[in-house]
Q: 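The structure that follows is given in the form of C-alpha cells.
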Amino acid sequence: MAKQYVMVIQASKCIGCQACTVACKFQNEVPEGQYRTKSPAVGPTGTYPNVKLYFEKEACQMCKNAPCVAVCPTKASYHNEDGVVLVDSNKCVGCKYCMTACPYDARFINEETGAADKCSFCYEHRVSQGEKPACVSTCVGGALSFGDLNDPNSDVKKLLDKYKAEVRKPEFGTHPNVYYIYEGVK
Ligand code: SF4
Ligand code: SF4
Ligand code: SF4
C-alpha cells in the first residue's frame with residue numbers, strides 16, 4: 001500500500017524552544033536569515049488569571065491538493081511517490097508563482113540556490129533512509145510525531161485516533177498532511 005506520511009503536532013507539549021527551527025537549518029543547509037520552520041507564540045489570550053499562550057509550529061502543510069504544484073509552470077514542484085510535496089531545484093526558474101499560490105506562506109526563494117525552498121519532511125536525506133525528520137528527532141518536548149498514516153501501528157495513526165485534530169485553513173481545500181492537536185491549550 002502507498003504510504004501517507006503525516007506530521008502530528010501536539011501544542012500542549014511544545015515549549016517554544018525553537019530546537020526544531022535550528023535542527024532544520026543544520027540538516028537542510030538553510031541560508032542565514034531564512035527558515036523552513038518556526039514555532040511562534042500564539043497569544044497570550046484571555047484575562048488574568050485565565051491567560052492562555054501556546055506555540056504553533058509553522059512549515060509547509062504538505063497539501064494533498066497543493067496549489068503550489070498546480071501553478072508551477074516547469075513541474076519543479078511535485079508530489080513524490082509517497083505523497084510528499086518537493087521542489088526540484090534544477091527545474092525551478094524562480095518565478096515565485098508557488099509562493100503566491102501557497103495559503104500558508106510556507107515557501108521562500110533560497111538565497112544560495114535561487115530556487116523555491118520549503119519543508120521537505122526531510123524526505124531525501126532522512127525519511128527515505130528510515131529516519132525521522134530532523135525537527136521530530138530534536139524536539140525537546142516530544143511535541144512532534146511523524147509517520148505513515150496508512151500503518152495502523154504508527155504513532156501518528158494512534159494519536160489521530162485518540163485526539164481531535166485540526167488542519168490549518170481548511171477553507172482553502174488543500175487537505176494538509178500536517179495535523180494539530182490543541183488538547184489542553186485552547
Ligand atoms: S503548504 Fe504551501 S508549499 Fe506546502 S504543499 Fe501546501 S501550498 Fe504547497
Ligand atoms: S518558483 Fe520554481 S517551484 Fe515555484 S512555481 Fe516557479 S518554477 Fe515552480
Ligand atoms: S521535516 Fe525537515 S525540512 Fe521540514 S521542518 Fe522538519 S526538519 Fe525542517
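Counting convention: from 1, in listed order, for ligands and their atoms alike. We use all heavy atoms of the structure for the numbers below, so side chains are in, but hydrogens, waters and symmetry mates are not.
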Q: Any atoms of ligand 3 less than 4.0 Å from a non-hydrogen atom of R36? List them with their elements.
A: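 Reading through ligand 3 atom by atom, the close ones are 3 (S).
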Q: Can you tell me how far apart CG (D88) and CG (N80) are? Round to the nearest 0.5 Å.
A: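 One gets 12.0 Å once the value is rounded to the nearest 0.5 Å.
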Q: Starting from atom 6 (Fe) of ligand 2, what is the nearest protein heavy atom, named by residue and atom, and what distance separates them?
A: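 Of the protein heavy atoms, C95 SG, 2.2 Å lies nearest.
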Q: Can you get from F121 to L86 by hopping between Ile, Leu, Val, Met, Phe, Trp and Tyr side chains that sit under 4.5 Å apart?
A: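 The answer is yes; both residues are in one hydrophobic cluster.
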Q: Quick one: do the R36 and S120 side chains pair a donor with an acceptor below 3.5 Å?
A: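 Their side chains do contain a donor-acceptor pair, which is all the 3.5 Å distance test asks for.
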Q: Should C68 and R107 count as side-chain neighbours, where that means a heavy-atom distance under 4.5 Å?
A: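 The answer is yes; the side chains approach within 4.5 Å.
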Q: Do Q34 and E111 come close enough that some side-chain heavy atom pair is under 4.5 Å?
A: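 They are in side-chain contact.
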Q: May I have the step-by-step check of side chain to side chain donor-acceptor pair (under 3.5 Å) for S137 and R126, ending in yes or no?
A: CA-CA 11 Å; S137 294; R126 295 181 66 97; 3.2 Å; yes
Q: Working to the nearest 0.5 angstrom, can you tell me the gap between D151 CG and K158 NZ?
A: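 Those atoms lie 8.5 Å apart.
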Q: Any atoms of ligand 2 less than 4.0 Å from a non-hydrogen atom of T74? List them with their elements.
A: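 Selected atoms, number and element: 7 (S).
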Q: Could you list which atoms of ligand 3 come closer than 4.0 Å to a heavy atom of P133?
A: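 Answer, ordered by atom number: 1 (S).
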Q: Do the side-chain N and O atoms of N177 and Q61 include a donor-acceptor pair separated by under 3.5 angstrom?
A: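 No - no donor-acceptor pair under 3.5 Å links their side chains.
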Q: Which of the atoms in ligand 3, numbered in the order shown and given with their element, are less than 4.0 Å from a heavy-atom of F121?
A: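 Near F121, meaning under 4.0 Å from one of its heavy atoms, ligand 3 has 1 (S), 4 (Fe).
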Q: Of the protein's non-hydrogen atoms, which lies at the shortest distance from atom 2 (Fe) of ligand 2, and what is that distance?
A: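 So the nearest neighbour among protein heavy atoms is C92 SG, 2.3 Å.
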Q: Where on K57 is there a heavy atom closer than 4.0 Å to ligand 3, on the side chain, on the backbone, on both, or on neither?
A: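 Side chain only.
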Q: Tell me: protein heavy atom nearest atom 7 (S) of ligand 1, and distance?
A: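 Atom 7 (S) of ligand 1 sits closest to the protein heavy atom P67 CD, 3.6 Å.
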Q: For Y182, I'd like to know if atom OH has over 12 heavy atoms of other residues, nucleotides or ligands within 6.0 Å.
A: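 Yes, OH of Y182 has more than 12 neighbouring heavy atoms, counting only those of other groups under 6.0 Å.
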Q: Do the side chain of T74 and the main chain of K91 share a donor and acceptor less than 3.5 angstrom apart?
A: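 Indeed, once roles are kept as given, a pair shorter than 3.5 Å links the two residues.
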Q: Quick check, are the ring centers of F108 and Y35 under 6.0 angstrom apart?
A: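 Not under 6.0 Å, so no.
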Q: In the protein, which heavy atom is nearest to atom 8 (Fe) of ligand 2, and how far is it?
A: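 The answer is C72 SG, 2.3 Å.
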Q: Which atoms of ligand 2 have any heavy atom of G94 under 4.0 Å away?
A: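 Within the 4.0 Å cut-off of G94, ligand 2 contributes 1 (S), 2 (Fe).
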Q: Mark up the atoms of ligand 2 that fall under 4.0 Å of a heavy atom belonging to V93, in ascending order.
A: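 It comes down to these atoms of ligand 2: 2 (Fe), 7 (S).
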Q: Can you list, by chain and residue number, the protein N, O or S atoms under 2.8 Å from atom 4 (Fe) of ligand 1?
A: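 Atoms qualifying: C60 SG.
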Q: Measure the spacing between SG of C14 and NZ of K57 and express it to the nearest 0.5 Å.
A: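 With rounding to 0.5 Å, SG (C14) is 9.5 Å from NZ (K57).
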Q: Within ligand 2, which atoms have a heavy atom of S77 less than 4.0 Å away?
A: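 Counting atoms of ligand 2 from 1, those under 4.0 Å from S77 are 3 (S).
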Q: When you look at K96 and I109, which way does the side-chain contact (heavy atoms from CB on, under 4.5 Å) test go after all the steps?
A: CA-CA 8 Å; K96 302 183 182 175; I109 297 293; 3.7 Å; yes
Q: For atom 8 (Fe) of ligand 3, decide whether C20 has an N, O or S atom at a distance under 2.8 Å.
A: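 Coordinating: no.
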Q: So is S120 touching ligand 3 or not, going by heavy atoms under 4.0 Å?
A: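 For ligand 3, residue contact (heavy atoms, under 4.0 Å) with S120 is present.
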Q: I need the atoms of ligand 2 closer than 4.0 Å to a non-hydrogen atom of P73, numbered in the order shown.
A: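 By the 4.0 Å cutoff, the relevant atoms are 5 (S).
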Q: Should the pair Y5 and Y123 be assigned to parallel (<30°), tilted (30 to 60°) or perpendicular (>60°) ring geometry?
A: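 Perpendicular, since the angle between the ring planes exceeds 60°.
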Q: Are the side chains of V85 and V69 in contact, using a 4.5 Å heavy-atom criterion?
A: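 In short, these two side chains touch, coming nearer than 4.5 Å.
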Q: Could you check atom 3 (S) of ligand 3 against the protein and tell me its nearest heavy-atom contact, residue, atom and distance included?
A: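 Atom 3 (S) of ligand 3 sits closest to the protein heavy atom N28 ND2, 3.4 Å.
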Q: Measuring to atom 6 (Fe) of ligand 2, does C98 have an N/O/S atom at a distance below 2.8 Å?
A: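 Coordinating: no.
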Q: Can you tell me which residue and heavy atom of the protein come closest to atom 1 (S) of ligand 2, and the distance to 0.1 Å?
A: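 In this structure, atom 1 (S) of ligand 2 has K96 N, 3.1 Å as its nearest protein heavy atom.
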Q: Show which atoms of ligand 3 fall inside a sub-4.0 Å distance from at least one heavy-atom site of T37.
A: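 Contacts of ligand 3 toward T37, numbered from 1: 5 (S).
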